[in-house]
Amino acid sequence: MSGWSDGYNADIAYTHGAYRELAPGYLAYVCLLNGIRPPRTDRPFRYCELGCGQGMTLNILAATHPQGRFTGIDFNPLHIAGARRLAEEAELPNVAFYERSFQQVAADGLPAEQGGDREGFDIIALHGVYSWISPENRQVVVDILERMLKPGGLVYLSYNSQPGWAPLMPLQKLILAHAAANPGRSDRQFDAALGFLNRLSEAGAGYFAVNSAAGQHLGMMAGQDRRYLSHEYLNAHWEPLGHAQVAKDLARAKLGYAGSATIPQNFDDLAVRAELRAILGEIADPTLAQTVRDFAMNQVFRRDVFVRGPESMPPAETEAALRRLRFTLLVPREDASLAIPVPLGELRHDPSLGQPILDALAAGTPSLGEIAAMPEMARHDFGTLSRFLALLVSSNQAHPLVDAPEEGRAAAGRLNRAVARRMSLDESLFHLAAPVVGQNVAADSLDRLVLAGLLTGQRDGQPLDIQALDIQALGGFVAGALEGLGRSVLAEDGSPVTDPAAMRDRLAVVLPNLLNRKLPVWQRTGLL
């Protein structure tokens, strides 16, 4: 670890993650679901991400929201250099990245070309930051929020939480101690520590014998990205926090809790057992109620939304705003499911409710009001319809639309082509900009290389000509990328195909079906 990092792991770069919960449209939707007035983002607005990492989320948001100005702050020069390089390659004029510590931002403010501190921000986001930094730095973060957030502005704050982490906290302390005793690059330190912990577990260490969660956690970590794990665990100030402590910290900046960005957690009947809901109903204090919810759910990670001066909207105004929202499907229609995971398990919806809505979302971009007016919905009340759409959003099957001006579509295209040029070289790049929904869409395994091939061949500002698509050429591109990455495609019997010519033949069979299923989604969301 470097001296300038103040106990935070900084010797290797973090992952190129992108997180939908940071998107302005998603955050506004969460506020509406909780009856809280969100900041306006359909006109010029300012957005800041503190601890922006590689800047993937912020670059995607800047591309899909040309009416906004975006500022990324991170103290790691490796992160900032990479984020700037991608923004420059995509020619994004409305995003700026700064290598600053939180102390520097609190003391000196921001450069004049970013409006300094005069204008303030409408949204400030921190993902995976607050419970990984020292108590002193957490206070500095609150200083920044107090100084730079507008009245009515929104803060997104995610953090490791209590009580879910309580049985695993000794695990992190031992990983950190083992790394300190065995200097080296942090990913190698982590591998060595993980091997040591597995030996302890296999030898019957009492901690693992009485704590099954710890053993399960070891197994889960074995398959996770070492860059993520190093940044998660090898931090001197790693500390899971309780909601009450976070709410108390942020109260100094006049911030009030508005709801969870994990949508199902806003519905007690989906998150808390009936016996425990009766106890919750006796609690008048909202902060204590959130704490008890966390105990009821054994909460491990919170995604909190705070607002500076949260304003409750009249129910009629909230419903009218929700009715105006338009939605579309993010998955192929045949993959859409009425069985949706919620904290209490899996919620299976009535096909008479869900199937007509999924059909409408696959066919177009209906508003919630238009969905409510469908004859098939006559026997369902508005609350039921709104909650079903919310759960489709929570399960990444649907999303509200944002205004997508041509400028935003063009910027998203430039960014996507810049990312696509790297996808065949770097397996860590999974996210592209979807201007219709104003956020990132992930593409895994074969999909991402197909998209890379399509985007690389697309001309600036020109829609993809499906009729002129050369499947053989696309298959050749994908086969070459797979070969370069040391990957293969699967034969019909599930065996790997590694010969380049055989891969191209297999892709000629696979790609038409894949494109038939995925192209409508990619076009609906504006990826192509």
(request) Mind running side-chain contact (heavy atoms from CB on, under 4.5 Å) on Val497 and Leu490 for me, showing each step along the way? (result) CA-CA 6 Å; Val497 178; Leu490 297 179; over 6 Å; no
Donor-acceptor check, side chain of [X] to backbone of [Y], threshold 3.5 angstrom: yes or no?
| X | Y | value |
| --- | --- | --- |
| Trp522 | Leu527 | no |
| Ser395 | Leu391 | yes |
| Arg524 | Thr328 | no |
| Asn34 | Gly259 | no |
| Ser131 | Asn160 | yes |
| Gln67 | Thr41 | yes |
| Ser495 | Ala491 | no |

(message) Is the terminal nitrogen or CZ of Arg448 (NZ for Lys, CZ for Arg) located under 6.0 angstrom from the six-membered ring centre of Phe430 and within 45° of that ring's axis?
(response)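 Yes.
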(request) Begin with the C-alpha distance, continue with both residues' side-chain angles, and end with the deciding distance and a verdict on side-chain contact (heavy atoms from CB on, under 4.5 Å) for Phe121 and Thr71. (result) CA-CA 10 Å; Phe121 291 101; Thr71 301; 3.9 Å; yes
With the side chain counted from C-beta on, respond yes when [X] and [Y] share a heavy-atom pair under 4.5 Å apart, and no when they do not.
| X | Y | answer |
| --- | --- | --- |
| Leu58 | Ile60 | no |
| Val393 | Tyr26 | yes |
| Leu429 | Met56 | yes |
| Leu32 | Pro38 | yes |
| Leu322 | Phe382 | yes |
| Leu154 | Cys31 | yes |
| Asn416 | Leu528 | no |
| Phe306 | Val246 | yes |

(request) Applying salt bridge (Lys or Arg N to Asp or Glu O under 4.0 Å), run through Arg422 and Glu89 and close with a yes or a no. (result) CA-CA 12 Å; Arg422 305 177 185 192; Glu89 191 174 343; 2.8 Å; yes
What closest approach, in Å, do [X] and [Y] show between heavy atoms, and which atom pair accounts for it?
| X | Y | answer |
| --- | --- | --- |
| Ile80 | Gly72 | CD1-O, 4.5 Å |
| Leu255 | Arg308 | CD2-N, 3.4 Å |
| Leu329 | Gln397 | CD1-O, 3.2 Å |
| Leu415 | Ala433 | CD2-CB, 4.1 Å |
| Ala83 | Gly55 | CB-CA, 3.9 Å |
| His65 | Gly438 | CE1-O, 3.1 Å |

Atom pair [atom1]/[atom2] of [X] and [Y] - distance to nearest 0.5 Å:
| X | Y | atom1 | atom2 | value |
| --- | --- | --- | --- | --- |
| Leu432 | Arg417 | CG | CZ | 11.5 Å |
| Asp74 | His79 | CG | NE2 | 6.0 Å |
| Asn396 | Ile340 | CG | CD1 | 11.0 Å |
| His127 | Leu50 | NE2 | CG | 14.0 Å |
| Gln54 | His431 | CD | NE2 | 12.0 Å |
| Leu353 | Arg387 | CG | CZ | 11.0 Å |

(message) Evaluate Leu454 against Leu519 for side-chain contact (heavy atoms from CB on, under 4.5 Å), listing each step before the verdict.
(response) CA-CA 10 Å; Leu454 295 172; Leu519 271 177; 4.3 Å; yes
(message) Please evaluate residues Tyr159 and Asp304 with respect to the criterion side-chain hydrogen bond (donor to acceptor under 3.5 Å, both in side chains), reporting the C-alpha separation (whole Å), side-chain torsions for both, the decisive distance (0.1 Å), and the verdict.
(response) CA-CA 8 Å; Tyr159 53 98; Asp304 286 354; 2.6 Å; yes
(message) I'd like to know whether Thr318 forms a side-chain hydrogen bond (donor to acceptor under 3.5 Å, both in side chains) with Arg37, so could you lay out the CA-CA distance, the side-chain angles of the two residues, the decisive distance to 0.1 Å, and finally the verdict.
(response) CA-CA 8 Å; Thr318 301; Arg37 190 178 305 282; over 6 Å; no
Would you call [X] and [Y] a salt bridge, using N to O less than 4.0 angstrom?
| X | Y | result |
| --- | --- | --- |
| Asp403 | Arg43 | no |
| Arg348 | Glu346 | yes |
| Arg333 | Asp359 | yes |
| Arg40 | Asp122 | no |
| Glu88 | Arg84 | no |
| Arg323 | Glu370 | no |

Can you tell me if [X] has over 12 outside heavy atoms packed within less than 6.0 Å of its [atom1]?
| X | atom1 | value |
| --- | --- | --- |
| Glu334 | CD | yes |
| Arg487 | CZ | no |
| Phe295 | CZ | no |
| Arg273 | CZ | no |

(message) Between Thr384 and Asp381, do the side chains contain a donor N or O and an acceptor N or O under 3.5 Å apart?
(response)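 The criterion, which ignores hydrogens and geometry beyond distance, is satisfied for Thr384 and Asp381.
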(message) Among Gln299, Arg302, His243, exactly one meets side-chain hydrogen bond (donor to acceptor under 3.5 Å, both in side chains) together with Gln290. Which residue is that?
(response)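 It is Arg302; the other options fail the test.
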(message) side-chain hydrogen bond (donor to acceptor under 3.5 Å, both in side chains), that's the test. Do His399 and Gln439 meet it? Break it down for me.
(response) CA-CA 10 Å; His399 199 275; Gln439 59 148 313; 3.0 Å; yes
(message) Does Asp499 form a salt bridge (Lys or Arg N to Asp or Glu O under 4.0 Å) with Arg506? I'd like the steps, not just the answer.
(response) CA-CA 10 Å; Asp499 176 73; Arg506 177 61 181 157; over 6 Å; no
(message) Run Asp335 and Arg517 through side-chain contact (heavy atoms from CB on, under 4.5 Å) and show every step you take.
(response) CA-CA 9 Å; Asp335 292 349; Arg517 294 179 62 251; 2.3 Å; yes
(request) Could you go through the side-chain hydrogen bond (donor to acceptor under 3.5 Å, both in side chains) check for Thr365 and Arg326 one step at a time? (result) CA-CA 6 Å; Thr365 57; Arg326 293 188 172 277; 4.5 Å; no
(request) Could you tell me how the ring of Phe327 sits relative to the ring of Tyr29: parallel (under 30°), tilted (30 to 60°) or perpendicular (over 60°)? (result)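 Phe327 vs Tyr29 ring planes: perpendicular.
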(request) May I ask you to decide if the ring planes of Tyr47 and Phe70 are parallel, tilted or perpendicular, using 30° and 60° as cut-offs? (result)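 Taking Phe70 first and then Tyr47, their aromatic rings sit tilted (interplane angle of 30° to 60°).
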